[in-house]
**Q** 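Sharing a structure with you now.
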Amino acid sequence: MAEQLTYEVSEIEQERAEFRRMENLCSHLTSVVSSLLFVVLVVVVLKNSPGWPRVKESFFSPEYFAQAWPKVLEGLWLNIRVLGVALVGVAILGTSLALVRMTTSAVMFPLRVVARFYTTIMRGIPMIVVLYLIGFGIPGLGLFGRIDKAVLGTIAVVMSYSAYIAEVLRAGFQDVHPSQRASARSLGLTQTQTMRLVIIPQGLRKIAPALMNDFIAMQKDVGLISTLGAVDAVRAAQIVVAKTYNFTPYIVASIVFILMSVPFILLNDWYSERLRKREQTGGMV
Amino acid sequence: MAEYTLDNDPRFGKKVLRVENVLKRFGDNVVLDHVSFDVRQHETVALLGPSGSGKSTMMKCINLLEQVNDGQIWLGDTDITDPRINQDKARSRIGVVFQQFNLFSHMTVLNNVTLAARKVHKWPREKAEEKAMGLLRRIGMDQKAKEYPDRLSGGQQQRVAICRALMMEPELLLLDEITSALDPLLVGEVLEMVGELKDQGATILMATHEMSFAHDAADRIILLRRGTIAENGSPDEVMDHPTDPETQEFFAAYNRV
């Protein structure tokens, strides 16, 4: 754009621009230098630790890495499928809970109480306990015959995450300015249409970063289904560890989970930044 | 009160809106105390009054955003305060423009204007868009049909909001302080549009603080004070030749600023 400027840039602005350029350069140099120093420090401390060779062998062994890699990847496929199903489940249950909690009609009172109770309890219980309750409690009832551990794990993940998502959604929907609802109703839209066409789309926009963050958290928490015995990436790693007494497979599992989450983290950062820019145009601080 | 010629003025038709003994209270605070007035077809009525006089509450009651505690509001032959009627249907017979945050920010101008036609009245999209484009063209906004509201000036947003309210040819147009949140320089274009609508025969009830506009555009001025109607008459009677000292003081205060 600078080529299109037709006016003369004053000396004051030229001098200011030069100063800013130098300042910018200095800060870049500082960050490069400090990053290098940090890496050097970490390497030096690790290398000089008396136990480093042993830690290196048991956590970062290339040989076991290669051995575990295909098995962990195979397990990851289960995580991805569980994640996909859980995502749909959480979207449905979470939205339902949020909508029920926002109703005001007398008819919905019992459901409202149930939804409130559910979100309160579920957000309090550690996820691992929910997994045990569902994973071992439901088969223990002996009502449904044998159920796949992965299915039970998915149910537990859905139950736990729906409670969080419901509260995030509710906050977002309630944040939409009341006059938007008034505008919609005054056009003759029904309560349901107003919710579906105006409140939900606008609320979702505001809370998209928070929702994506919860999705990223869920992505790694599906690894917890391994505690039920489902052979996912973590469990696959565990099996190799049990055979070899080397912990490298856990590092392998971590790497695949990180790789899986990076695209979504980048997407989330990009979207949040775009939202921030859009809402703060003209701001300098 | 003296003989009132405005009530049998031949320029206006049948009564579109009848407010009868409306009482509205929030807890112990009575905001509207047995208010009664009419709006006739093609009539432009300005609802004036200081902040807290009950103007906004009156508008909300007419639009069924608030429930009255007593009295009745008739739209044509329908008692819209009757809980047995379909309130969504009643609302869709009235066009409303609010002070701010009118347009749906996640929809284009065109989708904003056509929403009610498509979703409430189940028009096919082409028919709704054709009519909406006609309305937008009349205010010179057809070029902006695909834009989102945040790309428009406040005045343009309000004019689009008026288009949206006009889309289904409402029996009554409620304008609730539609210029109060605008840059003074943009107030003119919005008021000009209201003036045109009046000339085309719209029936308008507007709450406003634009005294000179109310004076020039309104056929009838209703002055609310502490929840009751203090004055109801032509601009000439109410604004130019008020007899009540408190009314004189109210308009004098506006003239000083």
Side-chain angles (χ1 to χ4, degrees), chain A residues 91 95 98-99 102-108 168-212 270-283, chain B residues 56 59-66 80 86-107 111-122 128 148-151 157-158 160-168 170-178 181:
Chain A
T95 313
L99 292 180
M102 284 174 65
T103 55
T104 47
S105 74
V107 190
M108 298 295 276
V168 175
L169 287 171
R170 195 168 66 98
F173 298 157
Q174 284 178 342
D175 203 33
V176 176
H177 199 276
S179 64
Q180 293 272 313
R181 181 190 296 271
S183 289
R185 294 309 297 279
S186 70
L187 287 173
L189 265 64
T190 62
Q191 186 103 43
T192 320
Q193 284 177 319
T194 302
M195 211 60 208
R196 187 165 56 84
L197 298 167
V198 177
I199 308 296
I200 292 180
Q202 287 197 28
L204 278 184
R205 248 153 255 248
K206 294 190 187 197
I207 53 172
L211 283 178
M212 281 162 99
W270 171 80
Y271 187 79
S272 307
E273 184 61 19
R274 207 182 71 143
L275 211 63
R276 196 186 62 81
K277 271 191 187 149
R278 216 179 129 155
E279 280 170 9
Q280 299 189 345
T281 34
Chain B
S56 253
M59 301 296 260
K60 285 193 183 118
C61 287
I62 297 170
N63 192 33
L64 299 174
L65 292 174
E66 289 285 355
I80 59 171
N86 181 340
Q87 300 211 324
D88 294 324
K89 209 170 207 169
R91 284 196 195 92
S92 72
R93 291 166 59 189
I94 303 176
V96 190
V97 184
F98 298 95
Q99 187 174 341
Q100 55 181 338
F101 306 117
N102 266 301
L103 298 178
F104 304 124
S105 54
H106 64 296
M107 291 183 192
N111 280 342
N112 261 284
V113 178
T114 57
L115 182 70
R118 288 183 286 120
K119 300 296 176 183
V120 181
H121 303 269
K122 310 289 178 200
Y148 282 87
D150 60 358
R151 306 269 303 191
Q157 287 185 29
Q158 281 306 57
V160 171
I162 296 173
C163 274
R164 188 178 65 182
L166 289 174
M167 180 74 183
M168 295 322 294
E171 292 158 56
L172 175 69
L173 193 58
L174 288 185
L175 307 178
D176 193 358
E177 301 196 20
I178 58 170

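Hydrogens, waters and symmetry mates are skipped; everything else that's a heavy atom, side chains included, is used. Chain letters run A, B, ... following the sequence lines, proteins first, then strands; residues in each count from 1.
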**Q** Please state whether the side chain, the backbone, both or neither of B:M107 comes within less than 4.5 Å of a heavy atom of chain A.
**A** side chain
**Q** Counting only non-hydrogen atoms closer than 4.5 Å, does B:Q100 touch chain A with its backbone (N, CA, C, O), its side chain (CB onward), both, or neither?
**A** backbone
**Q** Counting only heavy atoms closer than 4.5 Å, note whether A:R185 contacts chain B via side chain, backbone, both or neither.
**A** both
**Q** So if I apply the side chain to side chain contact (heavy atoms under 4.5 Å, CB included) rule between A:S186 and each of B:L64, B:N63, B:D176, which one comes out positive?
**A** B:N63
**Q** Any non-hydrogen side-chain atom of A:S183 less than 4.5 Å from a side-chain atom of B:R164?
**A** yes
**Q** Indicate yes or no: at least one non-hydrogen side-chain atom of B:V120 is less than 4.5 angstrom from one of A:T190.
**A** no
**Q** Using side-chain heavy atoms (C-beta onward) and a distance below 4.5 Å, is A:Q191 in contact with B:D88?
**A** no
**Q** Non-hydrogen atoms of chain A under 4.5 Å away: do they reach the side chain of B:K119, the backbone, both or neither?
**A** both
**Q** Under a 4.5 Å heavy-atom cut-off, does chain A meet the side chain of B:L103, its backbone, both or neither?
**A** backbone
**Q** A:L187 versus B:F104: any side-chain heavy-atom pair under 4.5 Å?
**A** yes
**Q** State whether the side chain of B:H106 and the backbone N or O of A:L197 hold a donor-acceptor pair below 3.5 Å, judged by distance alone.
**A** yes
**Q** Indicate yes or no: at least one non-hydrogen side-chain atom of B:S105 is less than 4.5 angstrom from one of A:Q202.
**A** yes
**Q** Can you give me the closest heavy-atom contact between A:G188 and B:S92, atom names plus distance?
**A** CA-CB, 3.8 Å
**Q** Considering only heavy atoms, which portion of B:L65 lies under 4.5 Å from any heavy atom of chain A: side chain, backbone, both, or neither?
**A** side chain
**Q** At a 4.5 Å cut-off on heavy atoms, which part of B:R93 comes close to chain A: side chain, backbone, both, or neither?
**A** neither
**Q** Under 4.5 Å heavy-atom distance to chain B, tell me which part of A:Q180 shows up: side chain, backbone, both or neither.
**A** both
**Q** At a 4.5 Å cut-off on heavy atoms, which part of B:N102 comes close to chain A: side chain, backbone, both, or neither?
**A** both
